[in-house]
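Note that this is a predicted model, so its numbers are computed, not measured. Throughout, a chain's letter reflects where its sequence line sits, starting with A, and its residues are numbered from 1.
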Amino acid sequence: MSDFIQHISHAKHNIDFLETFYPTYKSNDWAITVSFYSAVHIIEACIYKKEKINFKGEEKSIRHSDQLNLSAYVKEIKTHHVRRNLIVEENFKEIAYLFSSLYNESITARYKSYSYEKFKTDIIVKTAFNEIIKWFDKEFGKESQIKLTLNLK
Amino acid sequence: MKNRIIPYQNQIPNIAEDFSSFIPYTLQNAFSSPVILLENYIELFRQKEIEKAIEVKRAREKGYEDAIGRILENITKEINDYMELITRITDFVYEKVTKDFKDIKIIEARTNLYFGTKFIRVLFIVETEYERELELIKLFNEIKSIVLNKKNVISEIFVLNKKDTEIDNFSLEADYPFIRNFQKDKAD
């Protein structure tokens, strides 16, 4: 299981990659995919840092979303994203809809043949993903003296 | 046609008597030998055991029938509850969006059914400006939270915007084969 630093390093690595090709708008589907997986690492870093999260109002001691036990609610979960989304929606409400929009695109991209217009890509990456980065810097970055930035010219 | 049973009518009571007196007759004769008496008691006991076993079997079968009936009843209720919840989610979204988000047009809601897991996944096909999708996602998050807290059901609700996009219907139908077409409902 990765720790806080490892998750953030992975997020930074993905952001560096995103910055290299984003301005061309030639791979908008990949821009959205890379943004989503960067956000996943940011969220996992925050879960690790928090140590305790709330689920349905109850406090749970976990350090990764996979540790959230949902067997009382659903017999089988085909995707681990479900656990993470539930944690985000209850614990990181400020960015929940932004993270959900990234997840939404990762799920629905195949139905539009991975084709994204420039304007739509900007909404997802420059707005939604960038807001998640700013939120991280404000809520977790200062304490851990780590700053994430997204430079898309 | 001649009724064939008439010639035998007088004999029927005798045959019946023979059958009714069969066991006492056997027991009376059995007194002649303790071994035969014991054997007859064993036979009687065995007969009783067989009768009891048949009764138990019947009761058990009835029990199974009752249990199966109850299981089927529960399954039917779970399926109905599950379907009702999906319908209520789609109805609520449609009514809310029609009333409060007039610039968002909902074309249809699609779903797949996961009766075994009780997991809900609904995809709304809409037509709107890209920036309005975020408002829908906020609404969906609120609905998912209510469904989890009030109904203990985990759900995912997605939006797919048709605006300037060619939809891959083959993939869509494979993942979400069940459709609720609101535009058709409205026309009807």
- With a 4.5 angstrom heavy-atom cut-off, which part of A/Leu86 approaches chain B: side chain, backbone, both or neither? side chain

- Query: Minimum heavy-atom separation for B/Ile137 to A/Ser100, with atom names?
  - Reply: CG2-CB, 3.4 Å

- Message: Taking the side chain as everything from C-beta on, heavy atoms only, tell me whether B/Glu156 gets closer than 4.5 Å to A/Val82.
- Response: yes

- Kindly give the heavy-atom pair with the smallest separation between B/Thr165 and A/Lys112, and that separation in Å. CG2-CB, 3.1 Å

- Task: Measure B/Lys163 against the heavy atoms of chain A and call it side chain, backbone, both or neither at under 4.5 Å.
- Result: neither

- Task: For atom NZ of A/Lys49, decide whether the heavy atoms of other residues, nucleotides or ligands shown that lie under 6.0 angstrom number more than 12.
- Result: yes

- Could you tell me the separation between the CD atom of B/Glu135 and the OG atom of A/Ser101, rounded to the nearest 0.5 Å? 11.5 Å

- Message: Take a 6.0 Å sphere around NZ of A/Lys93 and say whether it holds more than 12 heavy atoms from other residues, nucleotides or ligands.
- Response: no

- To the nearest 0.5 Å, atom CZ of B/Phe119 lies from atom CG of A/Leu70 at 9.5 Å

- B/Ile179 reachable from B/Val93 in the ILVMFWY side-chain graph, under 4.5 Å edges: no

- Task: Group every Ile, Leu, Val, Met, Phe, Trp and Tyr by side-chain heavy-atom contacts under 4.5 Å, then state whether B/Leu160 and A/Tyr114 land in the same group.
- Result: no

- Under 4.5 Å to a heavy atom of chain B? For A/Glu90 that would be neither

- Mark yes when over 12 heavy atoms from residues, nucleotides or ligands other than B/Lys162 sit less than 6.0 Å from its NZ; otherwise mark no. no

- NZ/NE/NH1/NH2 to OD/OE distance under 4.0 Å, B/Asp164 and A/Lys120: no

- Message: Take a 6.0 Å sphere around NZ of B/Lys151 and say whether it holds more than 12 heavy atoms from other residues, nucleotides or ligands.
- Response: no

- Query: At their closest point, which heavy atom of B/Asp168 faces which heavy atom of A/Ser113, and how far apart are they?
  - Reply: CB-OG, 4.1 Å

- Message: Closer than 3.5 angstrom, by distance alone: can the side chain of A/Asn104 be matched with the main-chain N or O of B/Val159 as a donor-acceptor pair?
- Response: yes

- Query: Between A/Ser115 and chain B, which part of the residue has a heavy atom less than 4.5 Å away: side chain, backbone, both or neither?
  - Reply: neither

- Query: What's the spacing between A/Ile107 CD1 and B/Leu123 CG if we round to 0.5 Å?
  - Reply: 10.0 Å

- Is it the case that one hydrophobic cluster holds both A/Tyr73 and B/Ile79, taking links as side-chain heavy atoms less than 4.5 Å apart, direct or via other members? yes

- Message: For A/Tyr111 and B/Tyr176, take the angle between the two ring planes, folded into 0 to 90°, and tell me which bin it lands in: parallel under 30, tilted 30 to 60, perpendicular over 60.
- Response: perpendicular

- Message: Nearest 0.5 angstrom please: B/Glu133 CD to A/Thr108 OG1, how far?
- Response: 7.5 Å

- Item | Heavy-atom neighbours of B/Glu51 CD exceed 12 at 6.0 Å | yes

- Measure A/Phe55 against the heavy atoms of chain B and call it side chain, backbone, both or neither at under 4.5 Å. side chain

- Task: Measure the spacing between CD1 of B/Ile167 and CZ of A/Arg110 and express it to the nearest 0.5 Å.
- Result: 12.5 Å

- Heavy-atom neighbours of A/Trp30 CH2 exceed 12 at 6.0 Å: no

- Query: Transitively linked via ILVMFWY side-chain contacts under 4.5 Å: B/Met83 with B/Tyr114?
  - Reply: yes

- Item | Pairs of heavy atoms under 4.5 Å with chain A: top-ranked of B/Lys118, B/Glu129, B/Glu131 | B/Glu131

- Message: Under 6.0 Å between ring centres: does that hold for B/Phe140 and A/Tyr97?
- Response: no

- Should we count CD of B/Glu61 as having more than 12 external heavy atoms under 6.0 Å? yes

- Is A/Phe21 reachable from A/Ile15 through a run of I, L, V, M, F, W or Y residues, each pair having side-chain heavy atoms under 4.5 Å apart? yes

